[in-house]
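Everything below concerns the one structure shown next.
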Amino acid sequence: MVSGRMLLLSASCWLLVVLTSCEELIEERSSEDDTIKTQEEKELIEALQEVLEKLKSKQLPSEKKLSWLPSCDAGEQCAVRKGPRIGKLCGCPRGTACNFTILKCL
């Protein structure tokens with residue numbers, strides 16, 4: 001009877017020791033994880049800032065693109081007739097189209 005009580009008492013003491021050591025390990029790991037996360041976050045922020053700086057420093061080429069047309073207002077001249085050919089000067093806004101008989105955005 002006494003040995004059963006001693007066995008139960010020693011088992012409960014061991015259980016208490018194991019639980020307290022596990023809690024300490026969990027606390028240590030969580031603080032290490034926080035520092036790792038903050039370091040990773042700092043690295044990601046720095047990388048994103050570098051990318052943003054590169055994008056800001058890039059400028060659009062000053063050369064005209066062949067397919068790009070400047071926009072024009074409704075009622076403005078949008079095309080030019082050169083003999084049998086018609087050349088577009090600008091792109092008409094939404095809801096309007098270039099009328100090639102009067103050469104204006106309508």
Side-chain angles (χ1 to χ4, degrees):
M1 190 83 153
V2 173
S3 64
R5 288 184 184 170
M6 288 298 281
L7 181 63
L8 182 62
L9 182 62
S10 63
S12 60
C13 287
W14 276 106
L15 183 63
L16 183 63
V17 168
V18 169
L19 287 176
T20 55
S21 65
C22 287
E23 286 179 8
E24 290 173 0
L25 287 174
I26 290 172
E27 288 175 4
E28 288 176 11
R29 285 184 184 168
S30 64
S31 64
E32 289 175 1
D33 289 343
D34 289 342
T35 57
I36 291 172
K37 285 181 182 177
T38 55
Q39 288 175 352
E40 288 176 356
E41 287 174 354
K42 286 179 184 177
E43 290 173 0
L44 284 173
I45 290 171
E46 289 174 1
L48 285 173
Q49 286 176 343
E50 288 176 10
V51 169
L52 285 173
E53 288 174 5
K54 286 180 184 177
L55 288 175
K56 284 181 183 177
S57 66
K58 279 190 177 180
Q59 294 179 354
L60 293 175
S62 60
E63 301 173 4
K64 275 191 167 182
K65 292 183 181 177
L66 296 176
S67 63
W68 183 80
L69 289 174
S71 61
C72 53
D73 295 328
E76 216 176 299
Q77 185 177 2
C78 60
V80 173
R81 185 180 308 257
K82 291 187 178 179
R85 296 184 181 179
I86 295 176
K88 288 189 91 174
L89 294 174
C90 58
C92 295
R94 277 201 170 162
T96 62
C98 190
N99 185 330
F100 292 114
T101 55
I102 59 172
L103 306 174
K104 291 187 178 184
C105 291
L106 297 178

If you link ILVMFWY side chains whenever their heavy atoms are less than 4.5 Å apart, which other residues fall into the same cluster as Leu103? By chain and number, please.
-> Ile86, Phe100

Among residues two or more places apart or on two chains, list those pairs meeting side chain to side chain donor-acceptor pair (under 3.5 Å) that have a residue in residues 86-97.
-> none

Report yes if the SG atoms of Cys72 and Cys92 are separated by under 2.5 Å, and no otherwise.
-> no

Across all chains, not counting sequence neighbours, the side chain to side chain contact (heavy atoms under 4.5 Å, CB included) partners of Leu106 are Asn99, Ile102

Using the side chain to side chain donor-acceptor pair (under 3.5 Å) rule, collect all pairs that involve residues 69-82, keeping only residues at least two apart or in two chains.
-> none

Closest approach of Ala79 to Cys98 (non-hydrogen atoms, all atoms of both residues) | CB-SG, 3.9 Å

Sequence neighbours excluded and cut-off under 3.5 Å, please list the side-chain donor-acceptor pairs for residues 42-54, or say none.
none

Co-members of the apolar cluster containing Leu89 [side chain, <4.5 Å] | Val80

